[in-house]
Colleague: 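Quick one: structure below, then a few questions.
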Amino acid sequence: MSLMIGIPKERFPLEKRVATVPDVVGKLKALGFSVSVETGAGDGADCYDDAYVAAGATIAASPAELFGAADIVFKVRAPTLDEVALLKDGSTLISFIWPAQNPELMQALAARRVTVLAMDCIPRLLSRSQKMDALTSMASITGYRAVIEAANQFGRFFGGQVTAAGKIPPAKVFIAGAGVAGLAAIGAAASLGAIVRANDTRNEVADQVKSLGGEFVRVDYEEEGSGGGGYAKVMSEGFQAAQRAMYAKQASEVDIIITTALIPGKPAPRLITAEMVASMKPGSVIIDLAAEQGGNCELTERDQVVVRHGVTIVGYTDFPSRLSKQSSTLYANNLLRLAEELCKTKDGVINVNMEDDAIRGLTVIKEGEVTWPAPPLKLPPPPAPKPVAAMPEKKAASHGHGAGAPMSAKTLAVVFGVGAVLFALVGATAPAVFLSHFTVFVLACFVGYMVVWNVTPALHTPLMSVTNAISSIITIGALLQIAPPAIPGVERYNLLIGIMAFLGVVLTGINMFGGFAVTRRMLAMFRK
């Protein structure tokens, strides 16, 4: 017998998300489930009852009706104690739970003998879990929306402009914390033209920050901040003191600060003090994404926008709900992928397999028995580093210099002396026409070598394609050989020379057009 999935209306203050959307209902039904949605559950996300009905869901008139009939409940926010009391005995709840912060809720759920899968406990180190990682989905939306809120509160453009009315400098944005939300904020702010700086206790994210267009600001203190499960860890007092000094410097320079620092199960670390806020320029903005856990800024007020010392401080806790349609769609897809893992037989019956590392990590209560926290993952050992081949020693060159050492003054003088003698011999025996052409050839080789040698290797391909195209001006010489001017005493036309000149025109024509085509395609790769 197939099970029914129930989608209740979220009653947490300011919450507009819904656990599934009409587009996903049909996919859940394809797995064998029936779906029931509480009336009005999707209104905040622009998902209305008639769309759910068209997708094949039924509509429950009340929470009691929905919870009483549902074998599996999909939710966004953790249920209230009143909602727990409505759960059917032996049913399954899939939602954000935060078991470390909600011991009373955990006891109430265990008393109902339900099975609970917490979307916040996803084992993120497993690559197979990424499709179910709702934390990442919601954090990416939060970071993007934080930049939009900052732009709304800020008094000018993010990108710099030069207009007839004056010059507008680009905004300077500092991101505290380069996790998923921080990286999303970096990308959004950089795309709007701002100068973006970011910091994180984990040094390995520096390359990710740079790849998104930001500058990674390091703390002048050697300590690695990587913790378990992809999160940061609590740092030492010495590191925190150095970090505060760096934040104080950034606060006095930037226009916008977005804080994202959170450690699971702990209050948000205080990164921005009242003194730092006072040092910021009037009109600056702070977006505190950690407001729900107490805030990274000392002056943050939960769910409020306040102005202190001329600085606007935003403490919203509902950033994902401010993009409710998008966040509901992503969350619904995360739950769908989890449902596929639970119901591989596609018969509408789930199997909470505790031998599966991904499912075991999510399961915090199994049939009334608390199973949280999950045992540590048994990850395969990292591959052994490949032995580094010993570098052969460079043999000493003559006159005591290594192979890569520059020539001595004596050697250089000998080389130039020999070259001068050869040029003198050529000049004494060669015709005047040959000598003039030979001189141009030598100078061209020297100048071309010096130009190419000093170019960054990354630019060699576009540079060479352009220089090839420009150097193909030699086609003019080939054209002159096809129809040479009359010279007294010289035969006017030679068939062999004419054929070779024609081939030269063809080949240099390919070089010219091909060179510019390659350059255009190479440069297009760097444009958005």
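Quick note: residue numbers are just sequence positions, from 1.
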Colleague: So which heavy atom on D220 is nearest to which on A242, and how close?
Modeller: O-CB, 4.1 Å
Colleague: Provide the closest heavy-atom pair for V21 versus C47 in the form atom of the first, atom of the second, distance.
Modeller: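 Minimum heavy-atom contact is CG1-SG, 3.9 Å.
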Colleague: When you compare the side chains of T312 and Q153, does any donor N or O come within less than 3.5 Å of an acceptor on the partner?
Modeller: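 T312 vs Q153: no donor-acceptor pair found between side chains.
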Colleague: Has F157 got more than 12 heavy atoms of other residues, nucleotides or ligands less than 6.0 Å from its CZ?
Modeller: no
Colleague: Would you sort out whether S327 and M138 count as a side chain to side chain contact (heavy atoms under 4.5 Å, CB included), showing the intermediate values?
Modeller: CA-CA 6 Å; S327 55; M138 298 302 102; 4.0 Å; yes
Colleague: Tell me if the aromatic rings of Y144 and F319 count as close, with their centers under 6.0 Å from one another.
Modeller: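 Between Y144 and F319, the centre distance exceeds or equals 6.0 Å.
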Colleague: Starting at CG of D318, measure out to CZ of F12 and round the result to the nearest 0.5 Å.
Modeller: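 Here the interatomic distance stands at 9.5 Å.
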Colleague: Please tell me if the side chains of K131 and L338 come closer than 4.5 Å, counting only heavy atoms from C-beta onward.
Modeller: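 Not touching, per the 4.5 Å side-chain cut-off.
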Colleague: So do M246 and N199 actually touch side chain to side chain, heavy atoms under 4.5 Å?
Modeller: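 Yes, close enough: below the 4.5 Å cut-off.
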Colleague: Going by an N to O cut-off under 4.0 Å, is there a salt bridge joining E340 and K27?
Modeller: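 K27 and E340: not salt-bridged.
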Colleague: Taking side chain as C-beta onward, heavy atoms only, is Q304 less than 4.5 Å from V314?
Modeller: no
Colleague: Considering all heavy atoms of both residues, which atom of L262 and which atom of A268 are nearest to each other, and what is their separation?
Modeller: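 Looking at all heavy atoms of both residues, the shortest contact is CD2-CB, 3.7 Å.
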Colleague: Just how far is it from atom CG of L117 to atom CD1 of I94, taken to the nearest 0.5 Å?
Modeller: 5.0 Å
Colleague: Taking C-beta and beyond as the side chain, do Q326 and P320 meet within less than 4.5 Å on heavy atoms?
Modeller: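 They are not in side-chain contact.
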Colleague: Do the charged groups of R124 and D133 touch, with an N to O distance under 4.0 Å?
Modeller: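 Yes, charged N to carboxylate O under 4.0 Å.
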Colleague: Could you walk me through whether V173 and I195 pass the side chain to side chain contact (heavy atoms under 4.5 Å, CB included) check?
Modeller: CA-CA 6 Å; V173 180; I195 297 173; over 6 Å; no
Colleague: Regarding E341 and R337, does a basic nitrogen lie under 4.0 Å from an acidic carboxylate oxygen?
Modeller: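 Between R337 and E341 there is no salt bridge, as every charged N stays at least 4.0 Å from the carboxylate O atoms.
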Colleague: Test salt bridge (Lys or Arg N to Asp or Glu O under 4.0 Å) on R197 and E253; report intermediate values, then the result.
Modeller: CA-CA 11 Å; R197 305 168 184 169; E253 296 178 358; 2.8 Å; yes
Colleague: Do F96 and Y331 have ring centres separated by under 6.0 Å?
Modeller: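 F96 vs Y331: aromatic centres under 6.0 Å.
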Colleague: Would you check if there is a donor-acceptor pair between the side chains of T317 and D303 at a distance under 3.5 Å?
Modeller: yes
Colleague: Please examine the side chains of V205 and N203, heavy atoms only from C-beta on, and report whether any two atoms are closer than 4.5 Å.
Modeller: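 A side-chain contact under 4.5 Å is absent here.
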Colleague: To the nearest 0.5 angstrom, please state how far the OG1 atom of T142 sits from the CG atom of L289.
Modeller: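 Taking OG1 in T142 and CG in L289, the distance rounds to 6.5 Å.
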Colleague: Kindly give the heavy-atom pair with the smallest separation between P79 and L93, and that separation in Å.
Modeller: CG-CD2, 3.6 Å
Colleague: If you measure from the Lys or Arg side-chain nitrogens to the Asp or Glu carboxylate oxygens, is any gap between R11 and E15 under 4.0 Å?
Modeller: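 No, this pair does not count.
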Colleague: Between the side chains of E149 and R322, is the shortest nitrogen-to-carboxylate-oxygen separation below 4.0 Å, so that they form an ion pair?
Modeller: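 Yes.
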Colleague: Could you tell me the separation between the CG atom of L183 and the OG1 atom of T136, rounded to the nearest 0.5 Å?
Modeller: 10.5 Å
Colleague: Could you check K75, R77, K16 and say which one makes a side chain to side chain donor-acceptor pair (under 3.5 Å) with E10?
Modeller: K75
Colleague: Between P170 and G193, which heavy-atom pair has the shortest distance, and what is it?
Modeller: CB-O, 3.8 Å
Colleague: Measure the shortest side-chain to side-chain distance between P269 and L271 over non-hydrogen atoms and say whether it is less than 4.5 angstrom.
Modeller: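 Of all side-chain heavy-atom pairs linking L271 with P269, at least one is under 4.5 Å.
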Colleague: Got a salt bridge between K9 and E83, using NZ or NE/NH1/NH2 to carboxylate O under 4.0 Å?
Modeller: no
Colleague: To the nearest 0.5 Å, tell me how far L362 CG sits from I97 CD1.
Modeller: 11.0 Å
Colleague: Atom CG in D46, atom NZ in K325: separation rounded to 0.5 Å?
Modeller: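 Taking CG in D46 and NZ in K325, the distance rounds to 6.0 Å.
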Colleague: Could you tell me if the side chain of F216 sits less than 4.5 Å from the side chain of D207, heavy atoms only?
Modeller: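 Answer no - side chains too far apart.
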Colleague: Could you pull out the closest heavy-atom pair between L299 and V306, with the gap in Å?
Modeller: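 Closest approach of L299 to V306, heavy atoms only: O-CG2, 4.0 Å.
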Colleague: D255 and V285: side chain to side chain contact (heavy atoms under 4.5 Å, CB included), yes or no, with the steps?
Modeller: CA-CA 7 Å; D255 304 297; V285 178; over 6 Å; no
Colleague: Before giving the answer on side chain to side chain contact (heavy atoms under 4.5 Å, CB included), spell out for I272 and I286 the whole-Å C-alpha distance, their side-chain angles and the decisive distance to 0.1 Å.
Modeller: CA-CA 9 Å; I272 309 299; I286 296 175; 4.1 Å; yes
